[in-house]
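To start, the structure under review is shown below, and the notes come after it.
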Amino acid sequence: MPGLDGVYAGFAVPLAEPAIGMLAVALGLLIGRDLPHRVTQGAPLYLAGLAAGLLAARPLTAVVPTEPALLALAALAGALSALTGDRATPLALGLLPMIGLGMGAACLPDPGPAAAMLGTGLGALAGAHIVLLPLCGAADMAFERLPRGPVDIGLRIAASWLAALALLMLALVLAGPVG
Amino acid sequence: MTRTTLAAPLCALALTALAAPALAHSELAGDSGFVSGLLHPVLGLDHVVAMVAVGLWGAFLGAPALWLLPVVFPLVMAMGGALGVLGVPLPAVEAGIAASAIVLGAMVALALRPPLWVAAALVGAFAVFHGHAHGTELPEAAGPIGYSLGFVIATGALHLAGITLGMLTRWPGGRVAVRVGGGLVAATGAAFLFGLA
């Protein structure tokens, strides 16, 4: 089927591009808290950002380099999740369109035949978002079934580690290759 | 299968697991950076005691410091690490690391309880020095991403060790032991600061 190979190739993009994978995990940690509110209120914001990112990917990535932008967003989302927990839903919601914009711009494939572009693009979008399901599900289930305190601390620490890692990778990208 | 016939392969398996791998180079051959990053905070005693002290002090202060300090530390440490990666100089890094052990250890030893924001600011200020020291070595690491991941995890594990030790404060005798531990951390920091270690 035309474009089917592209779906598989696109699906692997988040694995090959750590910045996309990290942003997806940061997004999961951000919306995994206070899940019902953040999903119902945040989904339209995120999807609007994602659509804008897909539509404006070419001019956007010409002005803003994709990898540093994704890492900066991952660091910001991780830090917000670590420091505010589930208490800053408006701030988290405000960040969602930006994350969607970055994710959309990163998932648009290089120019090529329409079927291949569609397949690769859909695969990349699916690959980048599939990680959200287990993450959000696990967080929600943990909050429901386990004592809230330790789950909250665990998620905050995971988010702070992710933010720290994203920040260091951002510095490495900005510093450029060694030698 | 009898117990005797099981014993030989199990012993062999155990010995195999204990055997050190033959490495082609002096340091961690084939390392993608992760192992180096994991070991870096653990191999420097000044780093170790300071990071354990963060967890110890967090446990000593109780919630919310219990989680806030180990959350603030890696975030600010990464900022210090970014400065190191980008080549931004920071004066007296080693002295800052030693001072972090002295001050944090003293906080535990003297059972001081400053306001939460003061504790977070203090821990954050010292985290910059630790991060900078790691960050300057990061670009030369075999795999910078693996190195970053390794040292962030090792840092978290050291905090966890401190928190676990700090849980002893639930008992009166444990409280004394934790304060003595804080004193040892401060003494170790002083030894590094004055070139005795």
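For the numbers below, each heavy atom of this structure counts, side chains included, while hydrogens, waters and symmetry mates do not. A, B, ... follow the sequence lines: proteins, then strands. Residue 1 opens every chain.
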Hydrophobic clusters here meaning ILVMFWY residues chained together by side-chain heavy-atom distances under 4.5 Å, can you tell me if B/Met107 and B/Val118 are in one?
no
Taking the side chain as every heavy atom from C-beta outward, state whether B/Thr155 and A/Trp161 have any atom pair closer than 4.5 Å.
no
Distance from A/Leu155 atom CG to B/Trp67 atom CH2, nearest 0.5 Å?
12.0 Å
Residue A/Arg145 excluded, over 12 heavy atoms near CZ under 6.0 Å
no
Is there side-chain contact between A/Ile157 and B/Pro74, with at least one heavy-atom pair below 4.5 Å?
no
With the 4.5 Å side-chain cut-off for hydrophobic clustering, are B/Met77 and B/Val93 part of the same group?
yes
CA sep, side-chain torsions, deciding dist, call: B/Val152, A/Ser160, side chain to side chain contact (heavy atoms under 4.5 Å, CB included)
CA-CA 10 Å; B/Val152 168; A/Ser160 73; over 6 Å; no
Turns out that what part of B/Phe151 lies under 4.5 Å from chain A's heavy atoms comes down to side chain
Rounded to the nearest 0.5 Å, what separation is found between the CD1 atom of B/Ile153 and the CG atom of A/Leu165?
8.5 Å
Heavy atoms only: give me the nearest A/Ala171-B/Leu86 pair and the separation to one decimal.
O-CD2, 3.6 Å
Which of B/Ala82, B/Gly87, B/Gly131 touches chain A most, by non-hydrogen pairs under 4.5 Å
B/Ala82
List the atom of A/Leu168, the atom of B/Ala78, and the distance in Å for their closest heavy-atom pair.
CD2-O, 3.9 Å
Between B/Met79 and chain A, with a heavy-atom cut-off of 4.5 Å, which part of the residue counts as in contact: side chain, backbone, both or neither?
both
Where does B/Leu83 contact chain A at under 4.5 Å (heavy atoms): side chain, backbone, both or neither?
neither
Residue, of A/Gly78, A/Ala164, A/Ala159, that accumulates the most heavy atom pairs under 4.5 Å with chain B
A/Ala164
Could I get the full list of side-chain hydrogen bond (donor to acceptor under 3.5 Å, both in side chains) partners for B/Ser100, not counting sequence neighbours?
B/His130
Is it true that atom CE of A/Met98 has more than 12 heavy atoms of other residues, nucleotides or ligands lying nearer than 6.0 Å?
no
Tell me whether A/Leu45 is reachable from A/Leu91 by hopping between hydrophobic residues (I, L, V, M, F, W, Y) whose side-chain heavy atoms are closer than 4.5 Å.
yes
Using side-chain heavy atoms (C-beta onward) and a distance below 4.5 Å, is A/Leu167 in contact with B/Leu75?
no
Report yes or no: do B/Val185 and B/Phe126 belong to one cluster of Ile/Leu/Val/Met/Phe/Trp/Tyr joined by side chain heavy-atom distances under 4.5 Å?
no
Using only non-hydrogen atoms and a strict under-4.5 angstrom cutoff, which residues of residues 45-65 of chain B touch chain A?
none
Are A/Leu60 and A/Met103 in one and the same hydrophobic cluster, where Ile, Leu, Val, Met, Phe, Trp and Tyr link if side-chain heavy atoms are under 4.5 Å apart?
no
